[in-house]
Structures are given as structure tokens and as C-alpha cells.
Amino acid sequence: MTASRRILALSGGVGGAKLVLGLAHTMAPEDLTVVANTGDDFRHLGLHISPDIDTVVYTLSGLANPELGWGREGETWSFMAGLRQLGGEDWFNLGDGDLAMHVLRTNRLAEGASLSQVTRDLRRSLGIIVSILPMSDDPVQTVVETPDGPLAFQHYFVREQCAPIVTGFRFEHIEKAHPNPALMDALRDDTTGAVIIAPSNPFVSVDPILHLPGLRQTLDAFAGPILAVSPIVGGKAIKGPAAKMMRELGMPSDAAAVARHYSGLIDGFVIDRVDADQEDEIRKLGMDVMITGTVMRDLDSKIALAQDCLAFAERLAAP
Ligand code: FO1
């Protein structure tokens, strides 16, 4: 795989955006296509909100709030203050600058634009060269099943702060959704060198993408390597509920369990040095393993992990 081949990165949440930033600093941005999960999307106060698209957009444009992992840095909250004063729903925080993104997106969609078109125009307006594709232009809603009944994803993640026990997941309307045609074209194009599954939550950030009708077959037919970066390091998720979900689903909350989740799909799995003792168990699943530093604390570590992933893809692609 020569360096100037297209890379497809499947991403959701903060971990995904961090690796995407590392990739954007490591390769020609025009050769990087990010496929963003839209199962977290929801309608709130009449606005169409696409959190995983926005986390990538803000991260690549340098506008992201590094502490929160969502929304904009240096945000003001006059809208929220006004909303509370008027007794509006205030469990989901919408910063004043962030609001512009949701209002614009909602308006463009209402005018008939597709989520792909809106996303392309928004990222271009922020000077982003990297392509950002919604996984689908059709609505898919991740539902978290709990002993007390189903929860819309943002109700689980934000309103309930990930406290409920998960017993399963559903992706509503996915059977009618089409994978983004640009993604399917890229997978069928031999200028695409590799697919990288970012260190995102396998259940609620990656599975909505992988379960889109026809996508798994197209991935299985993809000639290049498919690799994933473990979102679990030393039995813990760097951020978010992945490890808690694994335990609640009766799985070990370790890197090998994530590898098992992806086995049959991926050719290589990237784990952190602290999980080196799991290498043999993971290799037995029929995939190659790269052991490196996978905790991305700063730009240098994001770039280093991105470089490792590209080198791993080269190694996997070699005959
Ligand atoms: N996450 C929170 O924990 N609390 C919030 O108030 C919140 C607001 C918010 C607004 C816009 C946006 O794009 C994301 C927001 N998130 C918030 C994060 C969001 O729930 C997650 O980014 C994803 O859905 C999970 O990756």
C-alpha cells in the first residue's frame, strides 16, 4: 500500500476524533476520509444534533473543547441561561457557538439538503480538507436496552449519565438505512489502502456503522487491510461507558474481548503496552497484533499512534 492511498477511518466519540486528528497531521488530508457514526443523532428542541460528526468537525478545526470532548472551546452559555429561565429542557447543554452549528444544519436539512451535503459545507466553511462522511444520510437511532426499558441514546448517555445497566442495543430504522454511497464507492475503489476502526465505543459508536445493510459484505470484499485500535486499555475505557457496558453484557472488559467483538472483520488489532499479556489470546482469533502506546494525551501521541496505524496497515497489506 503506497503512502498516497486513501485511508477510511470509522469514528465516533472523543477517542475516534483524537486518532482522526493524529491521522490528519500524519498524511495528506485529502487522502483521509472519516466515516462518522450518526446513531447518536437526535432531535432536541427542534434541532437536528449530530454529536459524533461535530466532535470530528470541531477537533479537526481546532475549535473543540478538550476537557469536555464535545462542543466548542471558550463557549458561552447565554442560550442555556435563557432556556432555564423559561423552563425549557436543560439536561442537554447547547453552547451559544455550538448552537449555530445545530441551527444551520437543521435549516439546511429542512431545505432538503442531505446530511452529507450539510456536513461537507460545514467542514469546508471551517477550512477542513479531510472528508467527513455521515455513515448514512438516512436516520438511524441507537437505543440502549435496560432492565427498566429502552432509552434513547442521549437520554442514556447524558440525561442518565450512563448509570442504567445495559442489556443490549438496537439501531432503530437501520434496516431501511443505506450506507453512505461515498463510503461504499471508497471501499470498492482500489485507491483505498486501508480501513481503520478508531478507538471508539464498539457497541454504540462502531456497531451502528458496521450494521448498516450491505456494509459488512462490502467490508468483507474490501481488498485492503482492516485494522482496529482498542478503546480499552488495562481493562478501562479512556473515556466513556465502554468498559461498564462490557461488564454489564457479561464480557471481560479487556482488549481481547474487543478483539473478539471484531473478529472475522479485522486483520489487525492495536493494543497498548499494558495489555501485551493479551497478545497471544488475540492472535488466536486470527488477527495480527501491534503493541504500542495507544493513550492519546497530546498531539504528539495522537500523531505517533496514527503513524503506528499506517505502518501496521502497510505491514498487513504486504503480500
Ligand atoms: N455530553 C454530555 O455529557 N453532556 C452534555 O450536555 C452534552 C451536550 C452536547 C451538545 C452537543 C454535542 O454535539 C454533544 C454533546 N454532548 C454532551 C456529548 C454527546 O452526548 C456525545 O458526544 C455523544 O453522543 C457520544 O459520543
Side-chain angles (χ1 to χ4, degrees), residues 11-18 20-21 24 34-142 151-162 180 200-201 204-205 208 239-240:
S11 173
V14 191
K18 286 181 175 176
V20 162
L21 184 64
V34 181
V35 181
N37 167 44
T38 57
D40 293 5
D41 288 19
F42 79 130
R43 225 167 161 78
H44 184 62
L45 299 172
L47 297 170
H48 180 116
I49 294 173
S50 298
D52 284 352
I53 291 176
D54 289 350
T55 296
V56 172
V57 168
Y58 288 143
T59 299
L60 288 177
S61 56
L63 292 172
N65 180 320
E67 286 77 47
L68 289 178
W70 52 268
R72 296 168 72 115
E73 189 157 41
E75 189 60 281
T76 54
W77 304 94
S78 308
F79 170 76
M80 287 306 293
L83 187 66
R84 263 190 281 280
Q85 194 178 35
L86 296 170
E89 274 188 270
D90 64 353
W91 57 272
F92 194 78
N93 293 296
L94 294 167
D96 299 328
D98 192 29
L99 209 46
M101 181 75 84
H102 309 312
V103 167
L104 264 182
R105 173 181 287 123
T106 304
N107 196 40
R108 290 286 313 280
L109 291 172
E111 289 173 345
S114 70
L115 189 55
S116 291
Q117 286 161 343
V118 178
T119 304
R120 187 196 55 221
D121 295 345
L122 288 170
R123 61 108 176 146
R124 280 180 177 163
S125 65
L126 291 172
I128 296 171
I129 299 170
V130 171
S131 298
I132 303 170
L133 301 179
M135 69 183 197
S136 172
D137 281 332
D138 304 311
V140 175
Q141 264 96 43
T142 297
L151 275 176
F153 180 77
Q154 296 300 341
H155 288 168
Y156 165 80
F157 190 86
V158 180
R159 202 187 61 196
E160 308 305 331
Q161 306 282 308
C162 304
N180 194 311
S200 306
N201 185 308
V204 293
S205 294
K239 186 174 171 64

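Counting begins at 1 with the first residue of the sequence.
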Chemist: Grab the two heavy atoms, one from Trp77 and one from Gly95, that are nearest each other, plus how far apart they are.
Modeler: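 Scanning both residues, the minimum pair turns out to be CZ3-N, 3.1 Å.
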Chemist: Can you tell if the side chain of Phe92 reaches within under 4.5 Å of the side chain of Leu47, non-hydrogen atoms only?
Modeler: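 No - every pair of side-chain heavy atoms lies 4.5 Å or more apart.
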Chemist: Which pair of non-hydrogen atoms, one from Pro134 and one from Asp137, has the smallest distance, and what is that distance?
Modeler: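 That would be CG-OD1, 4.1 Å.
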Chemist: Just how far is it from atom OH of Tyr156 to atom CG of Leu151, taken to the nearest 0.5 Å?
Modeler: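 Taking OH in Tyr156 and CG in Leu151, the distance rounds to 9.0 Å.
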Chemist: Picking from Val56, Val34, Val57, what satisfies side-chain contact (heavy atoms from CB on, under 4.5 Å) with Ile128?
Modeler: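 Output: one option passes, namely Val57.
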Chemist: Flag the pair Asn180 / Val35 as yes when at least one side-chain heavy-atom distance between them is below 4.5 Å, and no otherwise.
Modeler: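 When only atoms from C-beta onward are counted, Val35 and Asn180 do not touch, as no gap falls below 4.5 Å.
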Chemist: Restricting to pairs with a member in residues 92-105, which pass side-chain hydrogen bond (donor to acceptor under 3.5 Å, both in side chains), not counting sequence neighbours?
Modeler: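 Listed by first then second residue: Asp54-Arg105, Tyr58-Asp98, Thr76-Asp96, Ser78-Asp96, Asp98-His102.
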Chemist: Please answer whether the main-chain N or O of Asp41 pairs with a side-chain N or O of Thr38 as donor and acceptor at a distance below 3.5 Å.
Modeler: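 No, because the side chain of Thr38 does not come within donor-acceptor range (under 3.5 Å) of the backbone of Asp41.
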Chemist: Counting N and O atoms only, with roles assigned by atom type, does the side chain of Thr106 sit under 3.5 Å from a partner on the main chain of His48, one being a donor and the other an acceptor?
Modeler: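 Yes, the answer is positive, given that a donor and an acceptor are paired below the 3.5 Å cut-off.
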Chemist: So which pairs with a foot in residues 60-89 pass salt bridge (Lys or Arg N to Asp or Glu O under 4.0 Å), sequence neighbours left out?
Modeler: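 Every salt bridge (Lys or Arg N to Asp or Glu O under 4.0 Å) pair that includes a residue of residues 60-89, provided the two are not neighbours, is Arg84-Asp90.
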Chemist: Which heavy atom in Ser136 sits nearest to a heavy atom in Leu115, and how many Å separate them?
Modeler: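 Closest heavy-atom pair between Ser136 and Leu115: O-CD2, 4.2 Å.
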Chemist: Is there a side-chain contact (heavy atoms from CB on, under 4.5 Å) between Leu126 and Leu63? Walk through the geometry before answering.
Modeler: CA-CA 9 Å; Leu126 291 172; Leu63 292 172; 3.7 Å; yes
Chemist: Could you grab the distance from atom CZ of Arg159 to atom CD of Gln154, nearest 0.5 Å is fine?
Modeler: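 It comes to 11.0 Å.
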Chemist: Do the side-chain N and O atoms of Asn37 and Ser200 include a donor-acceptor pair separated by under 3.5 angstrom?
Modeler: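 Note: Asn37 and Ser200 side chains miss the donor-acceptor criterion.
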Chemist: Output the distance between atom CD (Gln141) and atom CZ (Arg43), rounded to the nearest 0.5 Å.
Modeler: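 That separation rounds to 10.5 Å.
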Chemist: Please work out whether the ring planes of Trp91 and Phe42 are parallel, tilted or perpendicular, with thresholds of 30° and 60°.
Modeler: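 Because their plane-to-plane angle lies in the 30° to 60° range, the rings of Trp91 and Phe42 count as tilted.
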Chemist: Which heavy atom in Leu45 sits nearest to a heavy atom in Phe79, and how many Å separate them?
Modeler: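 Heavy atoms only, the tightest pair is CD1-CZ, 4.2 Å.
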Chemist: Between OG1 of Thr119 and CG of Leu133, what distance do you get to the nearest 0.5 Å?
Modeler: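 The CG atom of Leu133 is 8.5 Å from OG1 of Thr119, to the nearest 0.5 Å.
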Chemist: Do Met80 and Leu83 have side chains that approach each other closer than 4.5 Å (heavy atoms only, starting at C-beta)?
Modeler: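 Of all side-chain heavy-atom pairs linking Leu83 with Met80, at least one is under 4.5 Å.
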Chemist: To the nearest 0.5 angstrom, please state how far the CE atom of Met135 sits from the CD1 atom of Ile53.
Modeler: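 So the CE of Met135 and the CD1 of Ile53 are separated by 9.5 Å.
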Chemist: Looking only at non-hydrogen atoms, find the nearest pair between Pro208 and Thr142 and report the distance.
Modeler: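 Looking at all heavy atoms of both residues, the closest pair is CG-OG1, 3.8 Å.
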Chemist: From Ser11 OG over to Ile132 CD1, what is the distance, rounded to the nearest 0.5 angstrom?
Modeler: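 The distance works out to 9.5 Å.
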Chemist: Tell me, which pairs form a salt bridge (Lys or Arg N to Asp or Glu O under 4.0 Å) where one or both residues lie in residues 117-127, sequence neighbours left out?
Modeler: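 Applying salt bridge (Lys or Arg N to Asp or Glu O under 4.0 Å) to every pair that reaches into residues 117-127, excluding sequence neighbours, yields Arg108-Asp121.
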Chemist: Would you confirm whether Asp40, through its side chain, and Asp52, through its main-chain N or O, come within 3.5 Å as a donor-acceptor pair?
Modeler: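 No, because the side chain of Asp40 does not come within donor-acceptor range (under 3.5 Å) of the backbone of Asp52.
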